[in-house]
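Working notes for the structure below.
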Protein chains: 2
Amino acid sequence: MSQTGDGRARRVDARANRRRILDVAEEVFGKGGESASTEEVARLAGVGIATVFRHFPTKAALLQAVLVRRFDRLREQAEALLGTTDPGSAFFEFFRHLVADAATKIAIAEALLDAGGDSDGEATQASNGLRRAVGALLQHAQQAGAVRDDVELPEVYALLVATSRAAAHTNLDDEVKARALAIVFDGLAPHRNARVQAHQQPELSQPHGQPPT
Amino acid sequence: MSQTGDGRARRVDARANRRRILDVAEEVFGKGGESASTEEVARLAGVGIATVFRHFPTKAALLQAVLVRRFDRLREQAEALLGTTDPGSAFFEFFRHLVADAATKIAIAEALLDAGGDSDGEATQASNGLRRAVGALLQHAQQAGAVRDDVELPEVYALLVATSRAAAHTNLDDEVKARALAIVFDGLAPHRNARVQAHQQPELSQPHGQPPT
DNA sequence: TACGATCCGAAGTGTCGACTCCGATTATGC
DNA sequence: GCATAATCGGAGTCGACACTTCGGATCGTA
């Protein structure tokens, strides 16, 4: 990616600009969705429009590049969580993280689902990587007894996407978001009277209780 | 609405056109979201563009009119359900209905949440009416013991919106949608071992069981 | 420092969609 | 039926935005 088509290394200013454009685009598309204009990206990145189009031949390509980077990062985070804490915490932690993250990244949340359509190859591939990582988290959480084992990845992923999308449109209070998420988590948990594990579970018995972070 | 500003009755062709435009707009915006063009609405309604703009001075006004009609209808349905069946069924039934309905009405699902922003007065008002009706359904369901009573309207409504939005973007299998919904319903249900009522509850114990309709 | 390859940005071009104008058409009261 | 006022629709205008062009600045190398 830091090489031009015929194998020559890019100039340093070109690399710096490319990186800055990507960063700004993530911010801009995250806030305004994909309807945000390319001109705004260029302006905030402090470059001309032509520079943006030189690095990314089309607006769709730019958006795709942003998505790929984002998906890859999320996947890495999911994979990292897989080894470090107990499986139950890892799963719910990542779920919560993704929802909170999507709150400032409308475009990501929108794309999570739409990437199912095979129209944009690279982004779809990255999205699938993330999906697989979530699948691994789910499987481990189920084996540990933290998630009921009669649910499967498709519906869990659908819920993940749905809550992320909703969180992205910010009219909601944080408290309400947390409580809605707690309801979903409760639906994912094994029967309550069968729970014995020590790992933290969202607690709804105290009406206004903030779920553990 | 069938009167012009100064109190004169509209001509019959004008009334018919207005109605047709509204119907088509609901269909078009439902399928393509609010980014669908006004020209397409006009074309499918069999009228000129000017006619559309004569009835609705701006595209936003047209969209709002569609939303108001839709929200009002949904509210009526919710209110009707309140008296006819047992409260638990009524609540879950309406939840399921709204989600299924939103599946073909992207714009509605999008607007459900966005209407929280007070930018478009009339649509917001209609949206609030629907929200109140859902609140009544929820309250009755809780009194009947069909829904845990430590949840409140804001988070329930948020879940309703979230699932509707997700369902609107059609990449999902119906079966998966049903199972995701069942997880949410399970999170809303009272503790499973405390359930005694006869009204139907979504059943997840059989992994692939279709929730009751 | 000098020079060529590479990269940059301001000012375009083309398209698309929201919205308007105006002559033609049609409903409605007499 | 006829006058007339309301309504209609096609052919515009206007602005926004994705994308291009080209003269000039900058980097990398000797």
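Remember, predicted model here, so these are calculated numbers, not experimental data. Note on naming: letters A, B, ... go to the chains in the order of the sequence lines (proteins, then strands), and numbering restarts at 1 for each one.
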Nearest-Å distance, [atom1] ([X]) to [atom2] ([N])?
X     : N      : atom1 : atom2 : answer
A:L62 : D:dC19 : CG    : P     : 10 Å
B:R20 : D:dT7  : CZ    : P     : 15 Å
A:R43 : C:dA11 : CZ    : C1'   : 18 Å
A:H55 : D:dC19 : NE2   : C1'   : 16 Å
B:I21 : C:dC19 : CD1   : C1'   : 14 Å
B:E40 : C:dC16 : CD    : P     : 14 Å

If you find the nucleotide of DNA chain D closest to B:A14 and the one closest to A:P57, which residue's nucleotide is nearer the 5' end?
B:A14
Main chain of B:K177, side chain of A:E155: is a donor-acceptor contact present, judged purely on distance under 3.5 Å?
no
Can you tell which of C:dT20, D:dC8, C:dC8 lies closest to the side chain of B:F53?
C:dT20
Apply side chain to side chain contact (heavy atoms under 4.5 Å, CB included) to residues A:F29 and A:K105 and explain how you reach the verdict.
CA-CA 7 Å; A:F29 289 142; A:K105 298 286 149 62; over 6 Å; no
Any salt bridge linking [X] with [Y]? Criterion: basic side-chain nitrogen under 4.0 Å from a carboxylate oxygen.
X      : Y      : result
A:E79  : A:R75  : yes
A:R20  : A:D23  : no
B:D150 : A:R179 : no

Please list each protein N or O that sits under 3.5 Å from an N or O in nucleotides 26-28 of chain D, with the distance.
{"from": "D:dT26", "atom 1": "O2", "to": "A:R11", "atom 2": "NH1", "distance (Å)": "3.0"}
{"from": "D:dT26", "atom 1": "O2", "to": "A:R11", "atom 2": "NH2", "distance (Å)": "3.2"}
{"from": "D:dC27", "atom 1": "O4'", "to": "A:R11", "atom 2": "NE", "distance (Å)": "3.4"}
{"from": "D:dC27", "atom 1": "O4'", "to": "A:R11", "atom 2": "NH2", "distance (Å)": "3.3"}
{"from": "D:dG28", "atom 1": "OP1", "to": "A:V12", "atom 2": "N", "distance (Å)": "3.4"}

Taking only residues two or more places apart in sequence, or in another chain, which ones meet B:T51 in a side chain to side chain contact (heavy atoms under 4.5 Å, CB included)?
B:N17, B:I21, B:V47, B:R54, B:H55
Please work out if B:A36 contacts a base, only the sugar-phosphate, or nothing of the nucleic acid, heavy-atom cut-off 4.0 Å.
sugar-phosphate
Is A:N17 close enough to C:dC7 that one of its side-chain N or O atoms is under 4.0 Å from OP1 or OP2 there?
no
Nucleotide by nucleotide, nucleotides 10-17 of chain D touches protein heavy atoms under 4.0 Å in the pattern (B base, S sugar-phosphate only, - none) B------B
To the closest 0.5 Å, what do you measure between CG (A:L137) and CG (A:L81)?
6.5 Å
Verify the neighbour count for atom CD of B:E27: are there more than 12 heavy atoms of other residues, nucleotides or ligands below 6.0 Å?
no
Below 30° counts as parallel, above 60° as perpendicular, anything between as tilted: where do the rings of A:F95 and A:F91 land?
perpendicular
